[in-house]
S.K.: 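Sharing a structure with you now.
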Amino acid sequence: MEGVKSRGLTIAIVVTAVLSLVGFGLWMYQLSEGLVLTNMRNLDSWGLYITNFIFMVGLSAGGLIISSVPKTFGVAGFGGISKVAVWISICCTVLAGIFIFVDLGNPLRVWEMIVHGNFTSPLMWDMCIITTYLVLSIVYLWALLKHEKGELSSRTLRVISTVALIVAVLVHSVTAWIFGLQVSHEFWNTALMAPWFVSSALVSGLSLVMIVVACLKKAGYIDVEQENIAKMGKFLGVFLVIDLYFFGCDLLTSGYSGDAGAFSLLVTGPLAPFFWTEIIFSIVAAVIAFVPALRRPNLLTLAAILAMIGVYCKRIQIVVGGFSEPNIAYPTLNSGVGLTNAGSAVQSLFPSLVYFPSGFELLVSFCFFAFGICLLLIGIKFLALKPVVVSN
């Protein structure tokens with residue numbers, strides 16, 4: 001049976017590796033043809049790639065936060081899932097960086113940022129903090145492995161986990177400031193953006209860890225007691241309520257002030273399908289998390305999936321919504337904000353939506369998500385991520 005599981009893992013690695021190679025090949029093609037292959041334009045210069053970037057940053061930060069909090073405060077964790085959570089965080093951070101490279105159009109522009117970087121720009125802050133965060137995540141995983149072998153003291157591990165926790169919060173705060181500090185985009189310019197990003201990171205990061213742990217437990221790779229899974233579910237419910245609270249504050253401020261632009265855009269406008277999907281899925285996930293009778297393994301995994309979908313819908317709302325509410329009048333040459341070349345079917349489903357990804361963008365994203373899964377599976381196969389009882 002063990003051989004069958006190992007063979008299945010190897011097959012999954014090979015399949016995702018092939019899809020990854022396809023993704024890198026598509027990226028090379030995009031480099032040769034340009035970003036014209038996408039539906040991004042001057043008026044909507046960020047799209048699916050940036051949506052994926054901020055989503056993956058949230059997954060990574062959330063995973064590291066729930067891993068480092070128990071170590072930092074000396075409280076009980078979730079049953080030996082720390083190493084798995086940190087490896088998930090590393091994989092998501094790498095994938096987030098890849099989506100930035102894909103979105104840049106030309107990776108050599110990163111060199112221009114290094115040589116001629118403007119350190120007053122939130123984009124530069126984000127580049128520095130994410131690089132630091134990736135290195136620190138690797139160091140933290142190394143520290144966990146060393147601690148298990150008795151080669152690193154609990155005190156040193158606690159210091160590293162504390163620094164990791166602080167940087168994890170900063171990563172998503174700085175990413176949020178890329179949007180929130182842009183006064184030219186009314187939809188983004190809110191002080192709630194940073195705490196909102198952190199709360200969403202906790203929701204999505206914990207959800208991904210719950211899904212991966214559920215799969216690993218079913219495969220016999222890791223043994224996590226139901227009590228710890230239920231505890232993660234309770235935390236997920238709390239994080240969901242906090243996230244919805246921030247969202248409600250932002251909506252109330254927008255709607256009550258009489259500036260119905262952002263409010264109507266989400267509630268009844270072209271972004272309404274994503275908005276209501278987020279709200280309904282989040283509420284259902286919270287109910288599952290809070291009702292003891294529903295707090296069963298399969299339902300908690302479903303709650304985690306619904307919560308992740310809800311957060312991704314929010315990322316779509318943030319990116320697309322920022323380009324849907326312009327603060328300046330468009331030149332007469334331009335016909336105004338309208339859907340960019342996505343076909344009549346999408347046009348009928350999402351009328352007046354400023355952006356919808358092209359088929360090429362969707363395919364590239366799918367292949368690079370496969371790369372992230374491949375990286376995760378490689379770690380599960382070759383790294384010592386199984387929990388080990390440590391003697392103090």
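Since the structure is predicted, the reported quantities are computational estimates derived from the model, not experimental observations.
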S.K.: Search all heavy atoms of E278 against all heavy atoms of G310 and return the closest pair with its distance.
M.R.: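 Between these two residues, the closest heavy atoms are CG-O, 3.3 Å.
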S.K.: Treat each ILVMFWY residue as a node, draw an edge where side-chain heavy atoms are under 4.5 Å apart, and state whether F366 and F356 are in one component.
M.R.: no
S.K.: At what distance, to the nearest 0.5 angstrom, does NZ of K381 lie from OH of Y221?
M.R.: 10.5 Å
S.K.: Flag the pair C92 / L208 as yes when at least one side-chain heavy-atom distance between them is below 4.5 Å, and no otherwise.
M.R.: yes
S.K.: Locate the shortest heavy-atom distance separating G47 from V319; write the atom from each residue and the value.
M.R.: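 Shortest heavy-atom separation between G47 and V319 comes out as O-CG1, 3.9 Å.
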S.K.: Please name the pair of heavy atoms, one in A168 and one in I65, separated by the smallest distance, quoted to 0.1 Å.
M.R.: CB-CG1, 3.6 Å
S.K.: Can you list the steps and then say if V84 with V209 is a side-chain contact (heavy atoms from CB on, under 4.5 Å)?
M.R.: CA-CA 8 Å; V84 171; V209 171; 5.8 Å; no
S.K.: Would you check if M40 and Y49 make a side-chain contact, meaning some heavy-atom pair closer than 4.5 Å?
M.R.: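 Result yes, sub-4.5 Å side-chain heavy-atom pair found.
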S.K.: Kindly say whether C313 contributes a backbone atom to a donor-acceptor pair with the side chain of Q317 at under 3.5 angstrom?
M.R.: yes
S.K.: Under 4.5 Å between side-chain heavy atoms, counting indirect links through other Ile/Leu/Val/Met/Phe/Trp/Tyr residues: same cluster for I11 and F382 or not?
M.R.: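 Cluster IDs for I11 and F382 differ.
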S.K.: With heavy-atom distances below 4.5 Å as the criterion, would you say the side chains of V198 and S173 are in contact?
M.R.: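 Answer yes - side chains close enough.
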S.K.: Any side-chain donor-acceptor pair under 3.5 Å between N39 and S358?
M.R.: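 The criterion, which ignores hydrogens and geometry beyond distance, is not satisfied for S358 and N39.
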S.K.: Is the side chain of T38 donor-acceptor paired with the backbone N or O of L35 at a distance under 3.5 Å, no angle test?
M.R.: yes
S.K.: Check whether any side-chain heavy atom of Q226 lies under 4.5 Å from a side-chain heavy atom of R296, and answer yes or no.
M.R.: no
S.K.: How far apart are the closest heavy atoms of M232 and I81, and which atoms are they?
M.R.: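 Taking M232 first and I81 second, the nearest heavy atoms are SD-CD1, 3.7 Å.
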S.K.: Could you go step by step and tell me if Q30 and L26 meet the side-chain contact (heavy atoms from CB on, under 4.5 Å) rule?
M.R.: CA-CA 6 Å; Q30 178 182 293; L26 292 171; over 6 Å; no
S.K.: Could you check if a side-chain atom of Q182 sits within less than 4.5 angstrom of a side-chain atom of F187, using non-hydrogen atoms only?
M.R.: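 A side-chain contact under 4.5 Å is absent here.
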S.K.: Could you check whether any side-chain heavy atom of L265 comes within less than 4.5 Å of a side-chain heavy atom of P270, counting everything from C-beta outward?
M.R.: yes
S.K.: Just by modelled atom types, is the F290 backbone N or O under 3.5 Å from a matching donor or acceptor in the R295 side chain?
M.R.: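 Looks like yes, one N/O pair under 3.5 Å.
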S.K.: Please check if the side chain of Y355 supplies one atom and the backbone of L48 the other of a donor-acceptor pair under 3.5 Å.
M.R.: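 Checking the backbone N and O of L48 against the side chain of Y355, a donor-acceptor pair under 3.5 Å is found.
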S.K.: Between A176 and A194, what is the shortest heavy-atom contact and its length?
M.R.: CB-CA, 3.4 Å
S.K.: Okay, side chain of R155, backbone of L152: is any donor-acceptor separation there less than 3.5 Å?
M.R.: no
S.K.: Taking the side chain as every heavy atom from C-beta outward, state whether F53 and I98 have any pair of such atoms under 4.5 Å apart.
M.R.: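 They are not in contact (no side-chain heavy atoms under 4.5 Å apart), so the answer is no.
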S.K.: Just by modelled atom types, is the A307 backbone N or O under 3.5 Å from a matching donor or acceptor in the Y312 side chain?
M.R.: no
S.K.: Consider ring pair (Phe, Tyr, Trp, His ring centres under 6.0 Å). Of F197, W196, F179, which one does H172 pass it with?
M.R.: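 That would be F197.
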S.K.: When clusters are formed by joining ILVMFWY residues with side-chain heavy atoms under 4.5 Å apart, either directly or through shared neighbours, do V18 and M28 land in the same one?
M.R.: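 Result: no, two separate clusters.
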S.K.: Under 3.5 Å, side chain of S282 to main-chain N/O of I279, donor-acceptor pair present?
M.R.: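 Flag not set: sc S282 to bb I279 has no pair under 3.5 Å.
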S.K.: Do the side chain of S45 and the main chain of R41 share a donor and acceptor less than 3.5 angstrom apart?
M.R.: no
S.K.: Taking L385's backbone N and O only, do any of them form a donor-acceptor pair with W87's side chain (distance below 3.5 Å, no angle check)?
M.R.: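 Absent.
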S.K.: Regarding T156 and S153, is there a side-chain donor-to-acceptor distance under 3.5 Å anywhere?
M.R.: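 Looking only at side-chain atoms, S153 and T156 do form a donor-acceptor pair, the distance falling under 3.5 Å.
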S.K.: Parallel, tilted or perpendicular: which fits the ring planes of F371 and F368, with parallel below 30° and perpendicular above 60°?
M.R.: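 Perpendicular.
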S.K.: Could you tell me whether N298 atom CG has more than 12 heavy atoms of other residues or ligands within 6.0 Å of it?
M.R.: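 No, the 6.0 Å shell around CG holds no more than 12 heavy atoms from other groups.
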S.K.: For a quick test of reading the model, state the closest non-hydrogen atom pair linking V174 to P122 and the distance between them.
M.R.: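 That closest heavy-atom pairing would be CG1-O, 4.1 Å.
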S.K.: Using a 4.5 Å cut-off on heavy atoms from C-beta on, say whether the side chain of L251 contacts that of L266.
M.R.: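 Yes, their side chains come closer than 4.5 Å.
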S.K.: May I ask you to check whether over 12 heavy atoms, not counting those of E33, lie within 6.0 Å of atom CD?
M.R.: yes
S.K.: Below 6.0 angstrom between ring centroids: does that apply to F99 and W27?
M.R.: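 No; W27 has its ring centre 6.0 Å or more from that of F99.
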S.K.: Evaluate N118 against M124 for side-chain contact (heavy atoms from CB on, under 4.5 Å), listing each step before the verdict.
M.R.: CA-CA 7 Å; N118 176 12; M124 196 66 187; 5.7 Å; no
S.K.: Looking at F235, I want to see if its CZ is surrounded by more than 12 non-hydrogen atoms of other residues, nucleotides or ligands under 6.0 Å.
M.R.: no
S.K.: Are L9 and V14 connected, step by step, through hydrophobic side chains (Ile, Leu, Val, Met, Phe, Trp, Tyr) whose heavy atoms are closer than 4.5 Å?
M.R.: no
S.K.: Before we go on, tell me: are the rings of W46 and W188 under 6.0 Å apart, centre to centre?
M.R.: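 They qualify: ring centres under 6.0 Å apart.
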S.K.: Just checking, any donor-acceptor pair under 3.5 angstrom between side chains of Y140 and S89?
M.R.: no
S.K.: Show, in sequence, the C-alpha distance, side-chain angles and deciding distance for T162 and S68, and conclude whether the side-chain contact (heavy atoms from CB on, under 4.5 Å) test is met.
M.R.: CA-CA 7 Å; T162 302; S68 58; over 6 Å; no
S.K.: When you measure from the centre of the six-membered ring of F247, is the NZ or CZ of K314 closer than 6.0 Å and no more than 45° off the axis?
M.R.: yes
S.K.: Is there a donor-acceptor pair under 3.5 Å between the side chain of K217 and the backbone N or O of I222?
M.R.: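 Pair absent, no side-chain N/O of K217 close to backbone of I222.
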